[in-house]
Amino acid sequence: GQNIDQPTEMTATEGAIVQINCTYQTSGFNGLFWYQQHAGEAPTFLSYNVLDGLEEKGRFSSFLSRSKGYSYLLLKELQMKDSASYLCAVRPHNNDMRFGAGTRLTVKP
Amino acid sequence: EPEVTQTPSHQVTQMGQEVILRCVPISNHLYFYWYRQILGQKVEFLVSFYNNEISEKSEIFDDQFSVERPDGSNFTLKIRSTKLEDSAMYFCASTFDSQSYEQYFGPGTRLTVT
């Protein structure tokens, strides 16, 4: 089976930093992805990790520990427009993708 | 900027009817995907397609589903006999190669089965 777990909801304040965790147990591992999804819209790509460590991309960073089956997405300098669902997804094999249920982030003024 | 397009944006059909959802992937992409998202639930992988063949499919993708690339631009998902539980948003995605980390998603087709 494929298990990808992340918190259901989080709330943070504009300008703050928030960390969204993801743990996974999958039949294989060929990369971990974070996507952002606004309500009623398609997911949009944020980050990709295949090796252990931190990948930074502007206000967004993502970390991976393969031995622990763990990743996090770090969002800095939060803006109101960052209110969305954040989806952790794992590619267990070459050409498939399994998503977690998503973390709904609410940014408050 | 190139984008994945999907038609129709919303499809309503009666239970037992066949539906075909259409996607036009980004023109130089070689790998194509279908996902579904039931309202309020997670995005679920259905199938991936490369070189006119299915690469991988999930347990959801049973005999009721089929995919096709009928010409050089379209990529279709057919559901032979729709059920109420097929009501969902269906997303198409494409990428240049299987190791490309970014899949580009289309805007989705909302399928409502009555």
Side-chain angles (χ1 to χ4, degrees), chain A residues 1-9 20 22-24 26-51 53 55-58 60 62 64 71 73 84-104, chain B residues 1-7 9-10 21 23 25-26 29-61 67 88-110:
Chain A
Q2 323 282 6
N3 285 323
I4 300 170
D5 294 313
Q6 49 183 132
T8 305
E9 292 190 23
I20 303 174
C22 171
T23 57
Y24 64 90
T26 53
S27 55
F29 182 81
N30 196 19
L32 186 141
F33 303 76
W34 285 95
Y35 281 83
Q36 181 190 62
Q37 187 178 29
H38 284 99
E41 297 182 11
T44 55
F45 170 81
L46 290 177
S47 70
Y48 167 72
N49 296 72
V50 68
L51 299 176
E55 293 284 338
E56 297 188 77
K57 198 175 175 183
F60 296 80
S62 57
L64 174 68
S71 172
L73 178 70
S85 288
Y86 290 85
L87 316 181
C88 175
V90 173
R91 184 167 58 198
H93 308 107
N94 275 338
N95 215 10
D96 59 348
M97 189 88 83
R98 304 298 170 136
F99 284 81
T103 298
R104 186 162 59 241
Chain B
E1 187 176 327
E3 57 183 22
V4 177
T5 59
Q6 291 185 241
T7 53
S9 57
H10 190 189
L21 309 182
C23 168
I26 293 173
H29 284 187
L30 302 175
Y31 292 79
F32 315 115
Y33 307 81
W34 282 103
Y35 297 88
R36 79 173 185 192
Q37 187 173 30
I38 296 169
L39 186 64
Q41 297 189 23
K42 66 180 178 182
V43 175
E44 298 175 291
F45 169 77
L46 294 178
V47 66
S48 58
F49 191 86
Y50 168 71
N51 200 26
N52 283 319
E53 287 185 345
I54 290 175
S55 303
E56 313 235 18
K57 60 182 181 179
S58 72
E59 56 281 0
I60 302 168
F61 194 88
V67 288
M89 183 74 94
Y90 287 81
F91 293 109
C92 172
S94 70
T95 189
F96 179 69
D97 62 56
S98 65
Q99 294 306 306
S100 290
Y101 51 80
E102 184 166 358
Q103 289 188 14
Y104 292 81
F105 281 73
T109 293
R110 180 170 301 285

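Labels below follow one simple rule: chain letters A, B, ... track the order of the sequence lines, proteins then strands, and each chain is numbered from 1.
- Chain A forms the most heavy-atom pairs under 4.5 Å with one residue out of B:Lys42, B:Gln41, B:Lys57, B:Glu56, and that residue is B:Glu56.
- Judged as a ring-ring contact (aromatic ring centres under 6.0 Å, His included), and not counting sequence neighbours, A:Trp34 has no contacts.
- Per-residue heavy-atom pair counts under 4.5 Å with chain B were compared for A:Ala101, A:Ala89, A:Gly100, A:Pro43, and the maximum is reached by A:Pro43.
- Heavy-atom pairs under 4.5 Å with chain A were tallied for B:Glu44, B:Met89, B:Gln37; the largest tally goes to B:Gln37.
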> Would A:Gln2 and A:Ser27 count as a side chain to side chain donor-acceptor pair (under 3.5 Å) if you check the C-alpha gap in whole Å, the side-chain angles of each, and the deciding distance to 0.1 Å?
Replying inline: CA-CA 7 Å; A:Gln2 323 282 6; A:Ser27 55; 3.0 Å; yes
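- B:Phe45 meets the ring-ring contact (aromatic ring centres under 6.0 Å, His included) test with B:Tyr35; sequence neighbours excluded.
- Remark: side-chain polar atoms of A:Asn49 are paired, donor with acceptor, to backbone N or O of A:Ser62 under 3.5 angstrom.
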